[in-house]
Protein chains: 2
Amino acid sequence: MKLSNGVEWALHGCVTLSQSDSPVPAARLAELHGTPPAYMAKQLQALSRAGIVRSTPGQVGGYTLTRPASAITALEVVRAIDGTEPAYRCTEIRQQGPLGVPAEECTRPCAIARAMAAAQDAWARALAQISIADLATAIDADSGGSAMAGVRRWLTAGTPHNG
Amino acid sequence: MKLSNGVEWALHGCVTLSQSDSPVPAARLAELHGTPPAYMAKQLQALSRAGIVRSTPGQVGGYTLTRPASAITALEVVRAIDGTEPAYRCTEIRQQGPLGVPAEECTRPCAIARAMAAAQDAWARALAQISIADLATAIDADSGGSAMAGVRRWLTAGTPHNG
DNA sequence: GCCGCAGTACTCGGATATATATTGTCCGAGTGCGATAGG
DNA sequence: CCTATCGCACTCGGACAATATATATCCGAGTACTGCGGC
């Protein structure tokens, strides 16, 4: 069970976007985080399809959060990048083999699938309780309260029409 | 985040093994579940390395659970097949880029990594609460109490020296 | 001085190669049972 | 009839291909700013 690396970049990217009102280009986010620019752009496109960020074309375009950071959960970001399919996919092997139960009796999911789904729900609930704003606050606290201010300064310093 | 298909086979296999005192060959388990024999054997080898099952060589050999089914958790089986590494691996991108924080200040994990780890813990706890015996009981209940008896009958019927 | 227009530079978006992990398969090493020969 | 020995069939175990997924990249479509010409 490996989560895509893009999830990490998307989460950090959302935290960064939460510090800017003006659009931030994908290339700039990639520069800030030290990631391949084209691949970071790919993740942002996925976030755009999921409705988490809005893309602004044009010369001073870029990406912006569609909602306040406190209204975006980590679960949404993870699902946008990694997909919504559950980690455990039951292939109904109980219907296979010499003792396979007929499909008509399989009215409810397999007990094993139910257990795995319950675990996944617990995981999702934990992520749903955390917002991008929470993450930004936590990161800021870890650095003594200077990290987010530094991000804001760097973002504005890099946009010539703003600084 | 996709979980290996072998997890499903391993879980079903452990439930089946819990119904037999004598060793069950991998090929027989594969036949019962309708899976590729060689690949099912691969999963059982992983379970053996993890100490969940014990392999018995020889003509009437096979695999047996090392402990009562009530003492084997679903988490152990999943970890044996899928590995113990967490789904989210922090690559410390906070140390990258122009605003990278020096490594000496990274005394505790990144806030995002902490959030993801907490979610993974919730997932693990949910799986740790479920034993192979619980799964067997649930599967049996789904079939009106006949499934496990059928498995036991099929296992003994297939072993010529027992039936 | 003000307005309309073309040019340009920048942005995103999807289609395209490469690397890696998973899936699936095979053959060799080892072990216990069973038949057999001897006492 | 009992026992030791040999052969064999069956088992697991790890090493080896084929496939699917994730990773990384590139080029084309579209849009807002900028400079220029006309009014």
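Residue numbering restarts at 1 for every chain, and letters A, B, ... go by the order of the sequence lines.
Taken residue by residue, residues 3-17 of chain A places heavy atoms nearer than 4.0 Å to DNA chain D at A:Ser4, A:Asn5, A:Trp9.
Sorted by first and then second residue, the salt bridge (charged side-chain N to carboxylate O under 4.0 Å, His left out) pairs involving residues 8-19 of chain B (not counting sequence neighbours) form an empty list. Note on residues 21-52 of chain A: pairs passing ring-ring contact (aromatic ring centres under 6.0 Å, His included), not counting sequence neighbours, are A:Trp9-A:Tyr39, A:His12-A:His33. Sorted by first and then second residue, the pairs that involve residues 110-131 of chain B and meet salt bridge (charged side-chain N to carboxylate O under 4.0 Å, His left out), not counting sequence neighbours, are A:Asp142-B:Arg114. Every pair tested for salt bridge (charged side-chain N to carboxylate O under 4.0 Å, His left out) that includes a residue from residues 40-57 of chain A fails, sequence neighbours excluded, so the list is empty.
Judged as a salt bridge (Lys or Arg N to Asp or Glu O under 4.0 Å), and not counting sequence neighbours, the contacts of A:Arg67 are A:Glu76. Listed by chain and residue number, nothing satisfies the ring-ring contact (aromatic ring centres under 6.0 Å, His included) test with B:Tyr88 (two or more places apart in sequence, or in another chain). Residues that satisfy the salt bridge (Lys or Arg N to Asp or Glu O under 4.0 Å) test with A:Glu92, not counting sequence neighbours, are A:Arg94. With sequence neighbours excluded, no residue satisfies ring-ring contact (aromatic ring centres under 6.0 Å, His included) with B:Trp123.
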Collect all protein-nucleotide pairs involving nucleotides 27-36 of chain D in which both atoms are nitrogen or oxygen and the distance is under 3.5 Å.
from   : atom 1 : to      : atom 2 : distance (Å)
D:dC33 : O4'    : A:Gln59 : OE1    : 3.3

Using the 3.5 Å cut-off, write out each protein N or O paired with an N or O of nucleotides 17-19 of chain C and the distance between them.
none

Contact list (N/O, under 3.5 angstrom) for nucleotides 14-18 of chain D vs protein:
from   : atom 1 : to      : atom 2 : distance (Å)
D:dG14 : OP2    : B:Arg49 : NH1    : 2.9
D:dG14 : N7     : B:Gln45 : OE1    : 3.1

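Rounded to whole Å, the distance from CD on B:Gln43 to P on D:dG13 is 13 Å. Taking atom CD of B:Glu85 as the reference point, atom C1' of C:dA21 lies 12 Å away to the nearest angstrom. Here the C1' atom of nucleotide C:dA21 and the CE atom of B:Met1 are 17 Å apart, to the nearest Å. In this entry the distance linking CZ of A:Arg89 with P of C:dT22 reads 13 Å, nearest Å. At whole-Å resolution of the value, CD in B:Glu31 and C1' in D:dC10 are 15 Å apart. Separating the NZ atom of B:Lys2 from the P atom of C:dT22 is a distance of 8 Å, rounded to the nearest angstrom. Taking atom CG of A:Leu47 as the reference point, atom C1' of C:dC12 lies 14 Å away to the nearest angstrom.
Judged by distance alone, the side chains of A:Asp134 and A:Thr137 never bring a donor and an acceptor atom under 3.5 Å apart.
Within 4.0 Å (heavy atoms only), B:Ala26 reaches sugar-phosphate atoms of the nucleic acid but no base atom.
Within the 4.5 Å cutoff, side-chain heavy atoms of B:Met1 are placed close to those of A:Gln120. Using a 4.5 Å cut-off on side-chain heavy atoms (C-beta onward), B:Gln129 and B:Thr73 make no contact. Contact annotation: the side chain of A:Tyr63 approaches that of A:Val53 to within less than 4.5 Å [non-hydrogen atoms, C-beta and beyond]. Residues A:Gln19 and A:Trp154 are not in side-chain contact: their nearest non-hydrogen atoms beyond the backbone lie 4.5 Å or more apart.
Between B:Tyr39 and the phosphate of D:dT19, there is no side-chain N or O to OP1/OP2 separation shorter than 4.0 Å. In terms of phosphate contacts, B:Ser55 brings no side-chain nitrogen or oxygen within less than 4.0 Å of OP1 or OP2 of D:dT11.
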